[in-house]
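As the structure is a computational prediction, the values presented were derived from the model and not from experiment.
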2 protein chains.
Amino acid sequence: MAKTTSDDHRDPDLIAVQAGSAAASEMTRPAGLDRDRILTAAIAFIDENGLSALTMRRLGATLGVEAMALYRYVPGREDLLDGVVDRVVETLFDKDDGDDIYVEDHNGWQDYLMRLAHGVRRIALAHPSVFPLVASRPPAAPWVRPPLRSLRMVESFLGTLTDAGFPDQAAVAAYRAYSSFLLGHLLLEVTQLGAQVSLLDQPEGDPEAQANTDLTQFPALLRTEKLLSRDKSAAEFEEALENLLDRLERVLRETRASDGDAGDLA
Amino acid sequence: MAKTTSDDHRDPDLIAVQAGSAAASEMTRPAGLDRDRILTAAIAFIDENGLSALTMRRLGATLGVEAMALYRYVPGREDLLDGVVDRVVETLFDKDDGDDIYVEDHNGWQDYLMRLAHGVRRIALAHPSVFPLVASRPPAAPWVRPPLRSLRMVESFLGTLTDAGFPDQAAVAAYRAYSSFLLGHLLLEVTQLGAQVSLLDQPEGDPEAQANTDLTQFPALLRTEKLLSRDKSAAEFEEALENLLDRLERVLRETRASDGDAGDLA
DNA sequence: ACCTGAACACCGTTCAAGT
DNA sequence: ACCTGAACACCGTTCAAGT
């Protein structure tokens, strides 16, 4: 390895980071520090080294600069993280970015909800180490529900459903159900991604023996182990999404039948 | 306030903590340090001061001891947090603890799933600042899905469903759907709890004016603001849970009709 | 046996000083 | 105008030393 500072019982993160940053600082010199460049660097850093490895000092090094220089452009670490979350979430609206995932022009509300769900899932899978942050940073307003984090997203969601004939109350209920579904599914999906790599990182003893910790006490587990290990995230996501859409469709139809204010859902 | 160390642009957490810890250290002196006592103290600390305020040094102070003493009983901070999570999760199985929420003896699998859901929800609401940890700590095995975090819980879940006639595959699919639902719902619920208090904590400017940040650009939001602010978490939880149970019941019935291996669900 | 003091390598953050 | 050095108050963690 490179120049590490003598004593060696340190955070395992450090090793990877220090090895990488030397090379990285060469390329990014072009100066012109900038809030945007800092956020980009922070996201890349988290993607590569994990959230816990991100410090102001290390991020500075990545940009060829001392940590203190960052404070010209970012009020502090917490704000940096908020910025990272906003940035990542807003890539949803970047034209050119994806395979036809524009949430703006759509064919009906079902299509809209599917595009939105797939778009957010794409983000989560692209930045698995950032997503927990998307899920857990305190929202701007109390009724903003992660992972739908911006006023713009909430507005577009509610606007689309109410335009499609959902009464306000039903649209709000749908917003809540939808955000719960997205959060639960995607957070579990990225968590499991993280678990995969962290198992490969630290192979204490042989990797086989560790996993089989006397499952003999747990017959049902033992029996379904193969099933449990099979990853069906994509299919499950689809199935749960379709199920939610069916439920909403039912609500909408019932609303139309008895044209009062019956769209409660909760 | 009390004795704070001169300069005062510090983490807002600190103020509350220091004020409290002086009083607390008086009572807890009875020595006899102990892993159990440390975990209990850590949970209480997080409940009162939030996760970010928990440091080894501060926790030590709470127990009338220097931070270094903790290392006799706990390998390190990360392990401490794992211990906290295990401890909180396992209160589910404590007899005497709750109003008839025993997951072990039940009347049918639906009853079991309802008790389990309500039990986990009770935990989440009792320790809203701990729950994000329950949700995000890397699980012991890759197929352990938060917030159902222990082998014991997974075993009991799968055992109950398969005993009730679910084919293994359907039981596993149910386990996945159920954990996603719980995680999404409860994480959002505690997040919103946290948002409430953090709004009261830092009232910059008048608390009214801040919230109304030119919502004029967001008509649907503006129109539904009242609806959005109304908290219906409990009812929504119930409704989503019942919906999930209905879905599972359908799967089970279909399985029984065509008694093959049709219980796919995913 | 159990706790502490002192030390080490790191943090975030401020601010006067350099260019 | 933009960055840095030095400093401050804090971290987690180790280890020899105290009782």
Length of the line joining [X]:[atom1] and [N]:[atom2], which is rounded to integer Å:
X	N	atom1	atom2	result
R37(A)	dC2(D)	CZ	C1'	14 Å
D79(B)	dG12(D)	CG	P	14 Å
L59(B)	dC10(D)	CG	P	17 Å
M56(B)	dT4(C)	CE	P	13 Å
L63(B)	dC3(C)	CG	P	10 Å

### Query
Could you write out DNA chain D as a dot-bracket string, with dots for unpaired bases, | for bases paired across to another strand, and Watson-Crick or G-U pairs counted at under 3.5 Å?
||.|||||...|||||.||
### Task
Look at the rings of H185(B) and F237(B) and say which category their plane angle falls in: under 30° parallel, 30 to 60° tilted, over 60° perpendicular.
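Judged by the thresholds at 30° and 60°, the geometry between H185(B) and F237(B) is perpendicular.
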### N/O (side chain, Y73(B)) to phosphate O (OP1/OP2, dC3(C)) under 4.0 Å
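For dC3(C), OP1/OP2 do have a side-chain N/O of Y73(B) under 4.0 Å.
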Go through [options] for me and flag the one nearest to the [X] side chain.
X	options	result
R58(B)	dC3(D), dT13(C), dC11(D)	dC11(D)
Y71(B)	dG12(D), dC3(C), dT4(D)	dG12(D)
R57(A)	dC11(C), dT4(D), dG12(D)	dC11(C)
E66(B)	dT4(D), dT13(C), dT4(C)	dT4(C)

### Message
Once rounded to the nearest 0.5 Å, what's the spacing between atom NE2 of H118(A) and atom CZ of R122(A)?
### Response
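Reported value, rounded in 0.5 Å steps: 11.0 Å.
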Compare every heavy atom of [Y] with every heavy atom of [X], then report the nearest pair and how far apart it is.
X	Y	result
L148(A)	Y175(A)	CD2-CE1, 4.1 Å
L187(A)	P132(A)	CD1-CA, 4.0 Å
P147(A)	S179(A)	CD-O, 3.9 Å

### Task
Indicate whether any N or O donor in one side chain lies under 3.5 Å from an N or O acceptor in the other, for S180(A) and R145(A).
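The answer is yes; a qualifying pair exists.
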### Task
Describe the nucleic acid contact of R77(A) in one word from base, sugar-phosphate, nothing, applying a heavy-atom distance below 4.0 Å.
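Counting heavy atoms under 4.0 Å across all strands, the contact made by R77(A) is with sugar-phosphate only.
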### Message
At 4.0 Å (heavy atoms only), tell me whether M68(B) reaches a base, stays on the sugar-phosphate, or touches nothing.
### Response
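Result for M68(B) = base.
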### Query
Is the charged tip of R152(A) near the ring of F93(A): under 6.0 Å from the six-membered ring centre and within 45° of its axis?
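Yes, R152(A) lies over the aromatic ring of F93(A).
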### Message
If you assign R72(A) and T55(A) each to the DNA chain C nucleotide with the nearest heavy atom, which residue ends up on the more 5' nucleotide?
### Response
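Of the two residues, T55(A) wins.
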